[in-house]
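For the single chain, residues carry numbers from 1 onward in sequence order.
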Amino acid sequence: MGNLIKVLGKDLENCPHFFLDFENAQPTEAETVVWNQVNSVLEEAQSILAELQSYRGAGQEIRQAIQNPLDLHLQEEAWRAVCPLVAKLKRFYEFSLRLENALHSLLEALTSPPYAPTQHLEREQALAKQFAEILHFTLSFDELKMTNPAIQNDFSYYRRTVSRNRLNNFQVDAECDVNNEMANRMSLFYADATPMLKTLSNATTKFVSENKSLPIEDTTDCLSTMACVCRVMLENPGYRSRFTSNETLLFCMRVMVGVIILYDHVHPVGAFAKTSKIDMKGCIKVLKDQPSTSTEGLLNALRYTTRHLNDDTTSKQIRALLQ
């Protein structure tokens, strides 16, 4: 039984349509090695999202400490409140590195000769599903991060306190300490509005640059095909009804937006040009047809995290759709 079924309907030129069973795809023997490697990373994804969702920050303790700089008790309270939070932020950052490696493995598997990317997606449905799960996690993480200013505030306070303590030769607790190199990398990571998405974009660009013998189209075709798969499943009631929960529809929307952004970062002319293999009008329309509470964050991701939206090659119609 194939979980990836060709869709019969109107075709966009050079844009194959498939139905991918995100709920039930299982790895074949040929996929098992990569699937197990990626699964060991994805198993941690939900706990990362749960921790981020419950992240409340140490704003009150930090304010008290700043307003009363001579009160050592309040300084200690703020430090004790921030330390475990910085440990969480370090864990999130380290997870992004593992996610980058997992994406590299999937791209390698889904673009390697002798098969074309479309054939890979049809033959290796479980790996395509994992690729989708990474994108779903990425957009979910970044939406939560963007709405939580406490993350950057906590880490900034932590760094200021460490610097002050070192200047005054105070000993920093080992369990709280993050070495200077790690702190710099974490600062760059959290300074970005969408840090996980930037990680995946950079990883995809790096994959293309490191595999010069592999045509760039093999990578971008993999992304454009996945975008088409998701769009067709979302806009066609017959295919929407194949899923058993509304969560899968949200999953499809996140994946579609994620692959569009990756495509836009990797492809020389991006996702919005007339020559793009992604039907951007159709993708934006299918998002706007959903309840705004489900899609506003995704539309904002297209507005603010893509690379080529404001290029001269982007049509006025597409820009107007994203106004």
Side-chain angles (χ1 to χ4, degrees), residues 2-25 42 103 106-107 110 117-122 124-140 142-143 197 200-201 204 219-267 270-272 276-291 294-302 305-306 318 321-322:
N3 292 327
L4 205 57
I5 303 166
K6 190 162 287 186
V7 171
L8 299 177
K10 65 173 186 177
D11 286 344
L12 181 72
E13 187 180 359
N14 298 324
C15 190
H17 291 181
F18 297 97
F19 178 83
L20 174 57
D21 190 347
F22 284 134
E23 294 178 333
N24 301 307
L42 287 172
L103 178 67
L106 286 174
L107 288 174
L110 293 171
T118 301
Q119 292 173 302
H120 275 297
L121 291 175
E122 188 164 10
E124 294 146 25
Q125 302 100 316
L127 297 186
K129 179 186 174 185
Q130 286 186 319
F131 184 32
E133 287 170 343
I134 286 177
L135 292 162
H136 180 264
F137 164 82
T138 296
L139 269 68
S140 299
D142 286 347
E143 281 184 13
L197 191 55
L200 293 200
S201 296
T204 307
T219 302
T220 55
D221 284 359
C222 178
L223 303 179
S224 62
T225 300
M226 184 74 85
C228 289
V229 168
C230 294
R231 177 179 59 80
V232 171
M233 290 192 292
L234 289 166
E235 69 186 5
N236 187 314
Y239 297 110
R240 286 168 66 110
S241 67
R242 292 174 183 261
F243 295 121
T244 60
S245 78
N246 286 331
E247 282 301 308
T248 308
L249 298 179
L250 180 58
F251 181 92
C252 283
M253 287 189 279
R254 289 184 186 279
V255 173
M256 182 180 72
V257 169
V259 290
I260 288 170
I261 294 167
L262 284 182
Y263 183 100
D264 195 56
H265 279 255
V266 174
H267 197 282
F272 299 95
S276 167
K277 291 187 179 181
I278 296 177
D279 177 7
M280 285 306 305
K281 289 179 190 173
C283 290
I284 295 168
K285 183 179 183 301
V286 82
L287 288 174
K288 290 201 160 190
D289 286 344
Q290 314 304 317
S294 303
T295 59
E296 191 56 31
L298 299 177
L299 289 167
N300 282 337
L302 290 176
T305 66
T306 48
I318 290 177
L321 282 171
L322 285 174

**Study point:** Check: Cys222 and His120 side chains under 4.5 Å, non-hydrogen atoms
**Key:** no
Taken in chain and number order and not counting sequence neighbours, the residues that satisfy ring-ring contact (aromatic ring centres under 6.0 Å, His included) with Phe22 are Phe251
To the nearest 0.5 Å, atom CG of Leu42 lies from atom CD of Glu133 at 5.5 Å
One should read off an interatomic distance between Lys129 NZ and Ile134 CD1, to the nearest 0.5 angstrom, of 13.0 Å
When you compare the side chain of Leu20 with that of Met226, does any pair of heavy atoms fall below 4.5 Å?
yes
Test side-chain contact (heavy atoms from CB on, under 4.5 Å), reference Leu298, set Glu143, Gln290, Met256, output is Glu143
Taking every heavy atom of Val257 against every heavy atom of Ala301, the minimum-distance pair comes out as CG1-CB, 4.2 Å
Distance col, row Asp279:CG vs Ile284:CD1, nearest 0.5 angstrom, shows 9.0 Å
Check: Would you call Asp21 and Arg242 a salt bridge, using N to O less than 4.0 angstrom?
Finding: no
Rounding to 0.5 Å, atoms CG (Leu262) and CG (Leu103) come to a distance of 7.0 Å
Item to check | Glu23 side chain near Ser245 side chain, heavy-atom distance below 4.5 Å | outcome: yes
query: Looking at side-chain heavy atoms only, is the closest gap between Lys288 and Leu299 below 4.5 Å?
result: yes
To the nearest 0.5 Å, atom CG of Leu302 lies from atom CG of Leu321 at 11.0 Å
Evaluate the side-chain contact (heavy atoms from CB on, under 4.5 Å) criterion for residues Ile278 and Arg231: first the C-alpha distance (whole Å), next the side-chain angles of each, then the deciding distance (0.1 Å), finally the verdict. CA-CA 10 Å; Ile278 296 177; Arg231 177 179 59 80; over 6 Å; no
Is the count of non-hydrogen atoms from other residues, nucleotides or ligands lying under 6.0 Å from Asn246 atom CG greater than 12? no
Under a 4.5 Å cut-off applied to non-hydrogen side-chain atoms, are Phe131 and Leu121 in contact? no
Measure from the side-chain N and O atoms of Glu235 to the backbone N and O of Gly282, and report whether any donor-acceptor pair falls under 3.5 Å. no
Next item on the list: Look only at the side chain of Ser241 and the backbone of Gly238, and say whether a donor-acceptor pair between them is shorter than 3.5 Å.
Entry: yes
Is it true that Ser201 and Thr204 share a donor-acceptor pair across their side chains at a distance under 3.5 Å? no
ask   = Is there side-chain contact between Met253 and Leu287, with heavy atoms separated by less than 4.5 Å?
value = yes
* Looking at side-chain heavy atoms only, is the closest gap between Leu249 and Phe243 below 4.5 Å? -> yes
Closest non-hydrogen contact found for Met280 with Phe272 is CE-CE2, 3.5 Å
**Asked** Quick check: are there more than 12 heavy atoms from other residues, nucleotides or ligands sitting under 6.0 Å from CD of Glu296?
**Response** yes
Taking it one step at a time, do His267 and Ser276 satisfy side-chain contact (heavy atoms from CB on, under 4.5 Å)?
CA-CA 9 Å; His267 197 282; Ser276 167; over 6 Å; no
Nearest heavy-atom approach of Ala132 to Val255 is O-CG2, 3.3 Å
Worksheet entry | Donor-acceptor contact below 3.5 Å, side chain His136 vs main chain Leu250 | no
Shortest non-hydrogen pair, Ala271 vs Asp264, comes out as N-OD1, 2.8 Å
In this structure, CG of Leu135 is separated from CG of Leu139 (nearest 0.5 Å) by 7.5 Å
